[in-house]
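Here is the structure we will look at, set down as structure tokens.
The chain is numbered in sequence order, starting from 1.
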Amino acid sequence: MDKIQPGKYVEIAYDLYASLPGEPETQVHTVEPADPERFIFGITPGLIPALASALEGLEQGASFDVKVPAEEGIPFNPDDVASLDRDLFLDDKGNIDSRVKPGARIPMYTADGYQITGLVKEVTSEHVIMDFNHPLVGQALHFANGKVVTVRDATPEEIHPSPGGGGCGGCGGGCGSADGSDDSCCDNGGCCGGCN
């Protein structure tokens with residue numbers, strides 16, 4: 001039976017819990033076996049090292065339970081904080097959109113057309129400071145009730161997907177926002193690490 005090692009196509013399912021320092025764990029996402037997280041082990045970028053280490057060598061059907069301390073979890077990237085022109089947020093009447101206020105999560109699009117979600121940090125007379133880091137940055141993570149759904153050799157197309165489609169993994173799955181209101185991984189980089 002195949003074991004998880006570099007170059008293998010892997011599908012996993014798990015319940016994800018997160019916690020800030022001194023706070024209890026809260027479940028923030030579930031990846032079901034029917035719609036697993038997919039990646040090429042050792043190739044798809046962004047897999048959290050502690051999770052990768054725990055998965056390596058496991059076979060299909062194996063269970064896992066991995067706790068990741070905050071300092072080993074999803075890192076903060078200062079390059080993912082942007083100062084955007086306030087005019088981007090004006091409504092039809094020339095007023096700033098009422099949703100744009102510190103602490104709000106706002107869906108936006110990249111120049112390539114990908115939807116991402118940003119946290120409004122500050123609104124000034126000229127700019128809106130947005131943080132596009134993953135919402136679970138700085139939190140301890142717990143991948144509980146984990147199961148390895150599939151382990152097999154990756155196809156060449158999966159390892160080197162053609163532009164605009166094909167392949168597996170993409171962003172490496174999903175976990176969405178910390179409050180559970182957004183289940184898409186690619187917004188903010190994925191539970192297993194991310195691609196942004």
* Asked: For F76, does the CZ atom have more than 12 heavy-atom neighbours from other residues, nucleotides or ligands under 6.0 Å away?
  ->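 Atom CZ in F76 is packed in, count exceeds 12.
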* Is it true that atom CZ of R99 has more than 12 heavy atoms of other residues, nucleotides or ligands lying nearer than 6.0 Å? -> no
* salt bridge (charged side-chain N to carboxylate O under 4.0 Å, His left out) contacts touching residues 9-18 (sequence neighbours left out) -> E11-R38
Going from [atom1] on [X] to [atom2] on [Y], what distance comes out if it is rounded to the nearest 0.5 angstrom?
X	Y	atom1	atom2	value
I48	L136	CD1	CG	8.5 Å
E158	D153	CD	CG	10.0 Å
Y17	Q139	OH	CD	14.5 Å

* Asked: So which heavy atom on R105 is nearest to which on P135, and how close?
  ->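 Nearest heavy atoms, R105 then P135: NH2-CB, 3.2 Å.
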* Asked: For I40, does its backbone N or O pair with a side-chain atom of T44 as donor and acceptor, under 3.5 Å?
  -> yes
* Donor-acceptor pair, side chain of T124 and main chain of E126, under 3.5 angstrom -> yes
* Is there a path from V149 to F39 through hydrophobic residues (I, L, V, M, F, W, Y) whose side chains come within less than 4.5 Å of each other? ->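 As far as the 4.5 Å side-chain criterion goes, F39 and V149 are not connected within one cluster.
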* To do: Not counting sequence neighbours, which residues clear side-chain hydrogen bond (donor to acceptor under 3.5 Å, both in side chains) with K147? List them please.
  =>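 Residues passing side-chain hydrogen bond (donor to acceptor under 3.5 Å, both in side chains) with K147: none at all.
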* Using 30° and 60° as the class limits, which term best fits the ring planes of Y14 and F64: parallel, tilted or perpendicular? -> tilted
* Asked: Can D91 and K93 be counted as an ion pair, charged N to O under 4.0 angstrom?
  ->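 Looking at K93 together with D91, the answer is no, because their closest N to O distance does not fall below 4.0 Å.
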